[in-house]
Amino acid sequence: MAVTVIGVDGATLPPGGAEALKQARLVVGGKRHLDAHAPDQAKRLELGPLEPALNALSALSGDEQGVVLASGDPGFFGAVRALRERGVRCAVLPATSSVQRLMARAGRSWDDVVVVSAHGRDLGAAINVCRARPAVAVLTAPKSGPAQIASGLAGWRRTMIVGEDLGGPNESVVTIDPADAAKRSWFEPNVVLCLADADEVPSRGWIAGGEPVPPATGWALSEDEFSHRDGMITKAEVRAVALAKLAPRPGTLVWDVGAGSGSVAVECARMGAATIAIESDEAQVVRMVTNAAGHGVDVRIEEGKAPQALRELPKPDSIFVGGGGNEVVTSCAHAGATRVVVALAALDRVGPTRETLRSAGYEVEGVQLAASRLAELPDGSSRLEAANPVVLISGRRKA
């Protein structure tokens, strides 16, 4: 048995593709690829569920040849992985991937672009990466295409470039605002490039997909790294534990409720999460804008008072509550997040907060954080300077 995986990106097959098809006993692929390339003498198997195709290829014996026709580069979010998982060794004849074609049509370098796939998985993670990162390519799927992605970008400033049928007879490349993209139908197959600034020339990088997260400068940054009012900021030691409980990462969405200077939202964004900061104080909102820009992250800021300001927001994965009473905690506990972390200075709020999260189905734990930092005395010696203690109540819902 020998299996050759051939990439298809238009009318012309990659070198060696025609010869492999001539010798094929079985050809597997989508209907349009089979109609265009499968020889008459070979048995055809149209791809629907992948398992029957894998069974048929595995059943080939002796010198029988099998061919898989796949779009673009089959080794890039493609068929090669599934074949290797089944133990099928294959030769790969790649074509140009849809992402490469779209970047070429857009005339843009793409070593900074994060590539995510919406095939066979929840589209929410891909949308959250588009919300968080300045340049993201999305490999779409039926019902997880440009219109659905665009709908999820409401509230974020983005431009979409949509490539339809790249390399095919119906090829089209459209630059469009998400609000307009959400209202129209799109030809399949397609691929999407989502940009925070369509005209920006990205800086020269060293690793594909942009700087890795978390950033090299670390996390739980000093308060001096943020603009804040009279020390009204979540202290670095508290932030460190809160981040561990929130687990911000690419593909997730974090709410920072009662965000103040936005230090928690900014830190979550620096670790790759999409973030929404909710704050009613106009002066603090201005500080948040400054802090997000200073750290090079995209934080969506909602100026308003919780819980009213939470009602139209997209469902979060994690929530940090830095301010607000039990009404706010109750609203956050029922927002659908997997993780909720509440910072409390008043001890009389610990019990009600704990019970609110428990009643909403969370497993709850808590910790008091009372850090003392080294401070210099006038004679050059040091003393310990205590910060005000904070209680973190955290709830986690089992998946």
(request) Kindly work out whether a path of hydrophobic side-chain contacts (I/L/V/M/F/W/Y, heavy atoms less than 4.5 Å apart) joins Val129 to Val138. (result) yes

(request) Sequence neighbours left out, what passes salt bridge (Lys or Arg N to Asp or Glu O under 4.0 Å) with Arg108? Give chain and number order. (result) Asp112

(message) When you compare the side chain of Val68 with that of Val3, does any pair of heavy atoms fall below 4.5 Å?
(response) yes

(request) For the pair Val114 and Val116, evaluate side chain to side chain contact (heavy atoms under 4.5 Å, CB included) and give the outcome as yes or no after the intermediate values. (result) CA-CA 7 Å; Val114 179; Val116 296; 4.1 Å; yes

(request) First locate atom CG of Leu377, then atom CD of Glu385, and finally report the distance between them rounded to the nearest 0.5 Å. (result) 9.5 Å

(message) So Val136 and Val113, do their side chains get closer than 4.5 Å, heavy atoms only?
(response) no

(message) Can you tell me how far apart CG (Leu193) and CG (Leu102) are? Round to the nearest 0.5 Å.
(response) 5.5 Å

(request) Show the numbers, then the answer: is there a side chain to side chain contact (heavy atoms under 4.5 Å, CB included) between Asp281 and Arg229? (result) CA-CA 12 Å; Asp281 185 328; Arg229 179 181 62 200; 2.9 Å; yes

(request) Kindly determine whether Val297 and Val299 satisfy side chain to side chain contact (heavy atoms under 4.5 Å, CB included), including the steps that lead there. (result) CA-CA 6 Å; Val297 294; Val299 175; 4.1 Å; yes

(request) With sequence neighbours left out, write down each residue that passes salt bridge (Lys or Arg N to Asp or Glu O under 4.0 Å) with Glu303, or none if nothing qualifies. (result) none

(request) To the nearest 0.5 Å, tell me how far Leu166 CG sits from Gln100 CD. (result) 11.5 Å

(message) Contact between Met271 and Leu243 at the side-chain level, heavy atoms closer than 4.5 Å - yes or no?
(response) yes

(request) Output every pair passing ring-ring contact (aromatic ring centres under 6.0 Å, His included) with a member in residues 316-366, not counting sequence neighbours, ordered by first then second residue. (result) none

(message) Between the side chains of Arg101 and Glu164, is the shortest nitrogen-to-carboxylate-oxygen separation below 4.0 Å, so that they form an ion pair?
(response) no

(message) Show every side chain to side chain donor-acceptor pair (under 3.5 Å) that has at least one partner inside residues 142-154, sequence neighbours left out.
(response) none

(message) For Arg157, is the CZ atom crowded, meaning more than 12 foreign heavy atoms sit under 6.0 Å from it?
(response) no

(request) With sequence neighbours left out, write down each residue that passes side-chain contact (heavy atoms from CB on, under 4.5 Å) with Val286, or none if nothing qualifies. (result) none

(request) First locate atom NE2 of His228, then atom CZ of Arg287, and finally report the distance between them rounded to the nearest 0.5 Å. (result) 9.5 Å

(message) Do Val328 and Val257 have side chains that approach each other closer than 4.5 Å (heavy atoms only, starting at C-beta)?
(response) yes

(request) State whether a side-chain donor-acceptor pair under 3.5 Å links Ser381 with Asp379. (result) yes

(message) Does anything in residues 54-77 form a side chain to side chain donor-acceptor pair (under 3.5 Å)? List the pairs, not counting sequence neighbours.
(response) Arg32-Ser71, His33-Ser71, Asn55-Arg86

(message) Taking Arg358 first and then Glu363, would you say they form a salt bridge - that is, a charged N and a carboxylate O separated by under 4.0 Å?
(response) no

(message) If the threshold is 4.0 Å, N to carboxylate O, is there a salt bridge linking Arg184 and Asp180?
(response) no

(request) For atom CZ of Arg121, decide whether the heavy atoms of other residues, nucleotides or ligands shown that lie under 6.0 angstrom number more than 12. (result) yes

(request) Starting at CD1 of Ile161, measure out to OG1 of Thr159 and round the result to the nearest 0.5 Å. (result) 7.5 Å

(request) Mind checking the CG-CZ spacing from Leu57 to Arg25? Nearest 0.5 Å is all I need. (result) 12.0 Å

(message) With a 4.0 Å cut-off on N to O distance, would you call Glu365 and Lys245 a salt bridge?
(response) yes

(request) Could I get the full list of salt bridge (Lys or Arg N to Asp or Glu O under 4.0 Å) partners for Lys235, not counting sequence neighbours? (result) none

(message) Taking the side chain as everything from C-beta on, heavy atoms only, tell me whether Val340 gets closer than 4.5 Å to Leu246.
(response) no

(message) So Asp256 and Ile276, do their side chains get closer than 4.5 Å, heavy atoms only?
(response) no

(message) Could you check whether any side-chain heavy atom of Leu344 comes within less than 4.5 Å of a side-chain heavy atom of Val390, counting everything from C-beta outward?
(response) no

(request) Flag the pair Asp298 and Arg133 as a salt bridge only when some basic side-chain nitrogen lies within less than 4.0 angstrom of an acidic carboxylate oxygen. (result) no

(request) Could you note down all residue pairs passing ring-ring contact (aromatic ring centres under 6.0 Å, His included) where residues 169-222 supplies at least one of them, sequence neighbours left out? (result) none

(request) Could you pull out all residues at least two apart from Thr217 that satisfy side-chain contact (heavy atoms from CB on, under 4.5 Å)? (result) Pro215, Arg270

(request) Examine the side chains of Asn190 and Thr140 and answer whether a donor and an acceptor come within less than 3.5 Å of each other. (result) yes

(message) Tell me which pairs pass side chain to side chain donor-acceptor pair (under 3.5 Å) where either residue lies in residues 304-333, with sequence neighbours left out.
(response) Asn326-Thr356

(request) Linking directly or through intermediates, with side-chain heavy atoms under 4.5 Å: list the remaining ILVMFWY members grouped with Leu34, chain and number order. (result) Ile6, Val8, Leu13, Leu21, Val27, Val67, Leu69, Leu93

(request) Could I get the full list of side-chain contact (heavy atoms from CB on, under 4.5 Å) partners for Phe226, not counting sequence neighbours? (result) Leu221, Ile233, Arg239, Ser263, Val266, Glu267, Asn291, His295

(request) Write down the atom of Cys194, the atom of Leu153, and the distance for their closest heavy-atom approach. (result) SG-CD1, 3.7 Å

